[in-house]
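As C-alpha cells, the structure follows; a few thoughts come after it.
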2 protein chains.
Amino acid sequence: MTAAANQNGRRATASRRLERAGIRDVAAAAGVSITTVSDALNGKGRLPDETRSRVREVAERLGYRPSAAARTLRTGRSGLIGLTVTTYGEEPFTFTEFAYFAEMARAATSAALGRGYALVVLPASSRHDVWSNIALDGTVVIDPPDQDPLVTELYRSGVPVVSDGKPGNCPVTAWVDNDHEAAVLNILEHLSEAGARRIGLLTGTSTDTYTRLSTEAYLAWCDRVGQEPVYEAYPAHDPAAGAVAADRLLARPDRPDAVYGLFDPNGTDLLAAARRYGLRVPDDLLLVCCSESDVYANTEPPITTLSLKPRRIGTTVVNLLIDAIEGVDAGTGTTAGRLFPPRYRTAGTGPPPGTLMPTELIVRASSQPRAPRTTVSPPRPPGEA
Amino acid sequence: MTAAANQNGRRATASRRLERAGIRDVAAAAGVSITTVSDALNGKGRLPDETRSRVREVAERLGYRPSAAARTLRTGRSGLIGLTVTTYGEEPFTFTEFAYFAEMARAATSAALGRGYALVVLPASSRHDVWSNIALDGTVVIDPPDQDPLVTELYRSGVPVVSDGKPGNCPVTAWVDNDHEAAVLNILEHLSEAGARRIGLLTGTSTDTYTRLSTEAYLAWCDRVGQEPVYEAYPAHDPAAGAVAADRLLARPDRPDAVYGLFDPNGTDLLAAARRYGLRVPDDLLLVCCSESDVYANTEPPITTLSLKPRRIGTTVVNLLIDAIEGVDAGTGTTAGRLFPPRYRTAGTGPPPGTLMPTELIVRASSQPRAPRTTVSPPRPPGEA
DNA sequence: CGTTCATGGAGAAACGTATCTCCGGCCTTC
DNA sequence: GAAGGCCGGAGATACGTTTCTCCATGAACG
C-alpha cells in the first residue's frame, strides 16, 4: 500500500523532517500519482468525482497547502499586482496623505481581491532590489512623470502597466484619467455664472498630468474669455507651502474674486487666508477646490469641491490591468502559446488606449453668492476693485 | 566561443524564443558556469574581483533580471509581508477609513521597504485562495479578534505573525499595543483636574482589544473613585451610529459634564450634539476624543485628542516581524539548518512577547475650562510665511 | 474478430535559481 | 620530492509545482 514511498526516492533518503506536506505526500497517502492530485485539486483533467473527492479529503487531512512559490515559478503567474505612486519630494511616499490616493488605493485593492489578485504597494523610489525581488503580474502606476524610467523598464521586461493619469512619454499598456480639461472648464463656467469677474488659480509646480492639464485648461480659458491669468504655483507636496501660496494669491494687487484650488488642503488654506484679509466667503470671494474630503461639507461656510471619483478610477485601472494580464494568454495561440513568456504586445503601433472618466462638482455655499437658489444678482466687487 | 550553447542541452533543442535572459544565458555569454554567475551577482563564494565585474557586466548587457519566483522557491523567502486588517461589517475593509489605519499602514510600508520587504494588503475576509496563492514571509495583523482562525492557521503553517493590539487567544509571535489602560486613566485624571464631576464614555460594541481594555479601564476607574458609570456603546463601524449615540449620551437624565469618545468621529459628533442641547464647550461640557486627525485643531472650539501614535506602532510591528523572520535561520543551526522549513518556534511556552507603547494627549481648549489658549499649534500670524 | 475510442491515470520534463560537493592546479613547506 | 593548503570554479541536485505526452484497459462497433 505505502509502496508509493519508493517512488519518490529523494524523500526516502532524507530523514523525515516535520516539513509541510507537499503534493508528493498527498499522492502517496491517496495512492495516486502527483498528476492526479494536481488535477483533482485544481479541477482539471478527466477524473471521476470519486477520485477527486478522495484526493481532496486526503489533502485536507494532511493540511496540504500548495506552495505559492512553486506554482508561480511553473505558471509564470504570481497573482500579485504592484501599486506604485510616484513620490513627491523626499518623503517615503505620499500615500494616504491625500484622500485621493487613499480612496483610489482602497478601491484598487478591493477590485484586485475581487478578481483573485493582491496588491503590493511599491513606491517608485524603492530600492531596485525590492522591485526585482518580487514577481509581479502587472503594475498600476499613479501619475507617472514624463519619461519615467521605472515604467519604461517595467514595460520592456514584459510587465503590463496601466497608469492612473495620462502618461507623457512612457509606453504603457493602457491608462485612465479624469477629463481634467472638462472639469476645469466646468468650474470656471460655474464661477462665472455665480458672478465671478476675475478667477484665480492655486496650482502646483510639479509636472504631473493633473497639474499640467488643469493649468493649461485654465490658461486656455483665460485666453478665450480675455481674462488676465491670476495664479500662484507652489510645490504641492509641501503641506506648509499651500498656505503661503494662498496668502500670496489673495495679497496680489489684482486680487481675484474667485479662486479654484487644485489640491485638497487649498480649501482651508484659502478660507484662512480670506479671513486674514477680511474677505467674506462667498460674498467677497468665491471658492472651489479639488478634494475628496468631506470636511468641506462642514466648514464655515461649506466649500464647493470637485471630486475626481477616485474609487471609480481605482476600480477601472485595476480591471484594465487584469484584463491585460489575462488577455495575454488568450492571444498567444493554442498549443505553443504556453511556451511564450507572458510578454504583453501592443497591437501594432499607435498610442495606448486611454479612458477618460468624468468628475463630479459638489456645489456648496462657497460658490453661491447670497441666495443659494438664485444666481441672478451679481455680487458687488470686493473692496475697491 | 559560443560552444557553451551545447552545455545547456535543453535550451539548444527548443527553438530560440525571445525569452528573457536567464542565468544560463549569462553564464554562457560570460564563459563561466551558472554557479559562478550566481556567486558573482550575489556577492558570495570566492571569486577574484575581475571575474565578478566581468560577469556583472555581461549580465547587465543582456538585461538579466533574476526570477523572483525561482529565487523564492529556492530560498524559501519571498520578501513579502502581509498586512491584514480585520474587517468590520460588510465593507471590503475599513482601511484608510480611519486615520489610524492609514497612518499605521503607511509607516509599516515604509519600515518594511527600508528593510527590503514589501507589504501586501490582505483583508482577513479575503477568499482563502488569495491567501494561499501568495508566498508570505510573515504577517502583520491589526487587532485580531479572539480565536481568530486566520491567525491560528497562519501560525500553524509556520508563518510568523505579529499583531497590532494585544491578542486574546491567538498564538502570535509577538504583539505591540498602546498602554490603553494608562491612556484612559490619564484622560480621566486630566478631566477631573479640569473640574469634571461626572465623566461619560462613548464606546463601541465590538470586542476588539482597544475597545475592551479602554472600557474596562473606565469602569475600574469609576469603581475606584465611586462614580456611577455613564456610557453609551454603539457599533463603531457604522458612521451614522456615532452621532446617535452621542446624542443619547447627552440626553440622559444623568448627563455627564465631561465625555471621552473612543473613536475618531466622536469629537464632531459630540460637538454637534452639545450644540443641539445648548451646551457650551468647554464651559458646560468637557470633551476629549481619540483621533489622529488634525481637524480637531481647527474646530470651534479645538478639541483635546488622544493620539495612539500609529506611525510608531506600524514601524515597531514591522521591525518585530522582520526580526522574527530573519531570526529563524539564525537559530536553526549550521549545516542541516538549511533543510528546515522557516518555521518559527516559540521559545518554550509562556505568552508571546508584547510591547506596550505610550500614547500622547494633545490638550486643546475643549478640556480646559476658561483658558482658551492652546498649548500646541499656536495660530499663525497672517503676514508670516 | 479486429479496429477505434473514450476513460483514467502515470511518467517525466520543465520553471530558474541557490547551494552543496568536489576537483584540478599551483604554491608553500618540511 | 611528496604532502598538504588555498584559489577558482564546475557539476549536480533540489525547491514543489503544472502540464505535456503517452499508455493500459475495456467497451462499442463494423
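- Not a single donor-acceptor pair under 3.5 Å links the side chain of A:Arg20 to the backbone N or O of A:Tyr64.
- Contact annotation: A:Lys44 reaches the phosphate of D:dT19 (side-chain N/O to OP1 or OP2, under 4.0 Å).
- DNA chain D is contacted by both B:Ala70 and B:Arg46; B:Arg46 maps to the nucleotide lying nearer its 5′ end (nearest heavy atom per residue).
- A salt bridge between B:Glu50 and B:Arg54 is present, with a side-chain N of the basic residue lying under 4.0 Å from a carboxylate O of the acidic one.
- If you measure from atom CZ of B:Arg77 to atom P of C:dT19, you get 11 Å, rounded to the nearest angstrom.
- At a threshold of 4.0 angstrom between heavy atoms, the contacts of B:Arg52 with the nucleic acid are absent.
- Closest to the side chain of A:Ser33, out of D:dG16, D:dG8, C:dA10, is C:dA10.
- In this structure, the side chains of B:Thr36 and B:Thr51 come closer than 4.5 Å at one or more pairs of heavy atoms.
- Atoms CG (A:Leu41) and C1' (C:dG9) sit 15 Å apart, rounded to a whole Å.
- For the pair B:Thr51 and D:dG9, the criterion of a side-chain N or O lying under 4.0 Å from OP1 or OP2 is met.
- Counting distance only, with no hydrogens placed and no angle test, the side-chain atoms of A:Thr35 and the base atoms of D:dT19 include a donor-acceptor pair under 3.5 Å.
- Regarding contacts with the backbone of D:dA10, a side-chain N or O of B:Thr36 is found under 4.0 angstrom from either OP1 or OP2.
- Taking atom CZ of B:Arg24 as the reference point, atom P of D:dG11 lies 14 Å away to the nearest angstrom.
- Going from atom CG of B:Asn133 over to atom P of D:dG16 covers 17 Å, rounded to whole Å.
- A straight line from CG of A:Asp39 to P of C:dT7 spans 15 Å, rounded to a whole angstrom.
- Minimum atom distance to the side chain of B:Arg71 is reached by C:dT17, of the listed C:dG16, C:dT17, C:dT19.
- When atom types are taken as modelled, the side chain of B:Asp137 and the backbone of B:Gly79 share a donor-acceptor pair closer than 3.5 angstrom.
- Protein atom CG of B:Asp49 is 16 Å distant from nucleotide atom C1' of D:dG9, rounded to whole Å.
- Residue B:Arg74 places its side chain closer to C:dT19 than to any other of C:dA10, C:dT19, D:dG8.
- Spacing between atom CD1 of B:Ile34 and atom P of D:dA14 amounts to 16 Å, rounded to whole angstrom units.
- Here A:Leu73 lies in heavy-atom contact (under 4.0 Å) with a base.
- Residue-to-nucleotide contacts include no donor-acceptor pair under 3.5 Å from the side chain of B:Ser38 to the base of C:dT19.
- B:Thr173 places no side-chain N or O within donor-acceptor distance of the main-chain N or O of B:Val162, the cut-off being under 3.5 Å.
- Atoms CD1 (B:Ile23) and C1' (D:dG9) sit 14 Å apart, rounded to a whole Å.
- Closest approach to the A:Leu47 side chain among C:dG16, C:dG9, C:dT19 is made by C:dG9 (side chain taken as heavy atoms from C-beta onward).
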